[in-house]
Every structure is written in structure tokens, then in C-alpha cells.
Amino acid sequence: MSQFSYHMIQSPVGWVALLGRKKGLVRLSLKPTPQEALEELGPDVDQADNDPSVFKEVLGCLERYMEGDAGALDEIKLDLSDAPPFFGRAWAACRQIPAGETRSYAWLAAAAGSPLAVRAAGQAMAQNRFVLIVPCHRVIASDGSLRGYGAGGLTVKADLLERERTAAAKRA
């Protein structure tokens, strides 16, 4: 039995691949094709067991998110044991951005405890290995424009924000 498990599903916004271990989720990728999603999990997937039962709670949370419950993703436990300290703080700060809202990279740097580390905040989002759960789609440029989104491009980023705004408006 491997220390890692993985599983993959198709979602309304692309293919979601999960990699985890007992401590929690290690990586979530969102890509247009199953091959890309699996590749994004990295080399640990080569020794991982395909075991959907390991991800029962995560899959339930993702399903609820896709149905409009953005808070469902907050319940997912992440394994950050090998994350660089600033990235861990930036990812935690990003998880605090309300669904359907956006914040700038400068805000993210300040919220992560390093107001001058705007580029590092950008790198933390670019290397975010928990797409959706660490909602980097909610981080935008200070001029309000959308910037790169490795999980399917700007169309997917805009679609996720619109889904969240629509769900929030229905709850209000």
C-alpha cells in the first residue's frame, strides 16, 4: 500500500485530480483534460493507489461547491507539511477571501504578513497546488484585471468568479 492515494473526476469546469495521504490533501489539479490533470499531480502519483474512498469527504465538498456552496471547500484538510512558510501563509490568507469577491496580490502579501512581498504572493498563487480550495482565482491585479490562471486559463478563472457571484446573489 502506497503512502499516497489519488483519484480523478470530471467537474463542470474541467477535470479534477486529487492526491492525498493520511495528513490530508497534498494536491488538487484542475485541467481541461484528464491527462493534464493527472500529470499536474506530479511524480508522487506514480506510486499512488487509485482509491476514491480516501477522498469521500473531499469529493462531497467539491460537489457542494459546484452546486453553489462555496463554504464547503473550507472543510477540506490540507497537508502543508512541505510548503515554504510564506506560501503556507499566503495560501491560508487566500482561503479567507469571500466567495465571489476578489483581492489584489498586494492585499494577499499584506495578509500573509509581508506587505512588500507582492511578487512572492504572485508566485505563491502561481504555484498553488490546491486550486479551488485555495481560491487563487479570487486574486487579481491591483488595476482590477484578471491575470494568468494555470488551471485552465482566464476563461475558467472568470467562470469560477461568476459561479460564486451568482451563488452568493441567490443566498442574499
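Under a hydrophobic-cluster definition in which Ile, Leu, Val, Met, Phe, Trp and Tyr are linked whenever side-chain heavy atoms come within less than 4.5 Å, directly or via other members, Leu59 and Tyr65 are assigned to the same cluster. Leu41 and Val13 are assigned to two separate hydrophobic clusters, defined by single-linkage of ILVMFWY side chains at heavy-atom distances under 4.5 Å. Leu25 and Met8 are members of different hydrophobic clusters when ILVMFWY side chains are connected at heavy-atom separations under 4.5 Å. Following chains of ILVMFWY side-chain contacts shorter than 4.5 Å, one can reach Phe130 starting from Phe86, so the two form part of one hydrophobic cluster.
At a threshold of 4.0 Å, the pair Arg138-Glu164 counts as salt-bridged, since one of the basic side-chain nitrogens sits closer than that to a carboxylate oxygen. Using a 4.0 Å cut-off between charged side-chain N and carboxylate O, Asp79 and Lys23 make no salt bridge.
When all heavy atoms of Arg64 and Glu75 are compared, the pair lying nearest together is NH2-OE2, 2.7 Å. Minimum heavy-atom separation, Leu80 to Trp91: CD2-CE3, 3.6 Å. Closest approach of Ala112 to Ala93, counting heavy atoms only: N-CB, 4.3 Å. The nearest pair of heavy atoms linking Cys94 to Cys136 is SG-N, 3.8 Å. Shortest non-hydrogen contact noted between Arg147 and Ser145 is NH1-OG, 2.6 Å.
Atoms SG and CD1, on Cys61 and Ile133 in that order, are 8.5 Å from each other to the nearest 0.5 Å. To the nearest 0.5 angstrom, Ser104 atom OG is 7.5 Å from Ile140 atom CD1. The CZ atom of Arg21 sits 5.5 Å away from the CD atom of Gln3 when rounded to the nearest 0.5 Å. Note that CZ of Arg129 and CG of Leu78 are 8.5 Å apart. Values are rounded to the nearest 0.5 Å. To the nearest 0.5 angstrom, Arg95 atom CZ is 12.0 Å from Ile97 atom CD1. Atom CD of residue Glu57 and atom NZ of residue Lys77 lie 10.5 Å apart, to the nearest 0.5 angstrom.
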Could you go through Leu19 and Asp44, starting from their C-alpha distance and side-chain angles, then the distance that decides it, and tell me whether this counts as side-chain contact (heavy atoms from CB on, under 4.5 Å)? CA-CA 8 Å; Leu19 182 70; Asp44 291 325; 3.8 Å; yes
Step by step, work out the side-chain contact (heavy atoms from CB on, under 4.5 Å) result for Leu132 and Met66. CA-CA 10 Å; Leu132 297 177; Met66 291 299 169; 4.0 Å; yes
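Side chains of Gln127 and Gln123: a donor-acceptor N/O pair is present below 3.5 angstrom, by distance only. Between the side chains of Arg27 and Ser29, no donor-acceptor pair is found at a separation under 3.5 Å.
Put simply, the side chain of Phe4 does not reach to within 4.5 Å of the side chain of Asp49, judged on heavy atoms. No side-chain heavy atom of Tyr6 sits under 4.5 Å from any side-chain heavy atom of Asp46. Annotation: side chain of Ser142 is not in contact with side chain of Tyr105 (no heavy-atom distance under 4.5 Å). Between Val26 and Asp82 there is no side-chain heavy-atom pair separated by less than 4.5 Å. Taking the side chain as every heavy atom from C-beta outward, Leu161 and Thr102 approach each other to under 4.5 Å. The side-chain heavy atoms of Trp107 and Val139, taken from C-beta on, include no pair separated by under 4.5 Å. Within the 4.5 Å cutoff, side-chain heavy atoms of Val131 are placed close to those of Tyr149. Looking at Pro135 and Met125, their side chains never come closer than 4.5 Å, going by heavy atoms from C-beta outward.
No side-chain donor-acceptor contact under 3.5 Å links Trp15 to the backbone of Ile9. A donor-acceptor distance shorter than 3.5 angstrom exists from the side chain of Arg165 to the backbone of Gly100, with no hydrogens or angles considered. Between the side chain of Ser11 and the main chain of Gly14, a donor-acceptor pair closer than 3.5 Å is present. Without hydrogens or angle criteria, Thr166 side chain to Glu162 main chain gives a donor-acceptor distance under 3.5 Å.
With Leu18 as reference, Leu62 is the one residue of Val45, Leu62, Ile76, Val54 to meet the side-chain contact (heavy atoms from CB on, under 4.5 Å) rule.
A parallel orientation is assigned to the rings of His7 and Phe55, their planes being inclined by less than 30° (bins at 30° and 60°).
Residue pairs that meet the salt bridge (Lys or Arg N to Asp or Glu O under 4.0 Å) test with at least one member in residues 98-109, sequence neighbours left out, are Glu101-Arg103.
For Asp143, there are no salt bridge (Lys or Arg N to Asp or Glu O under 4.0 Å) partners, not counting sequence neighbours.
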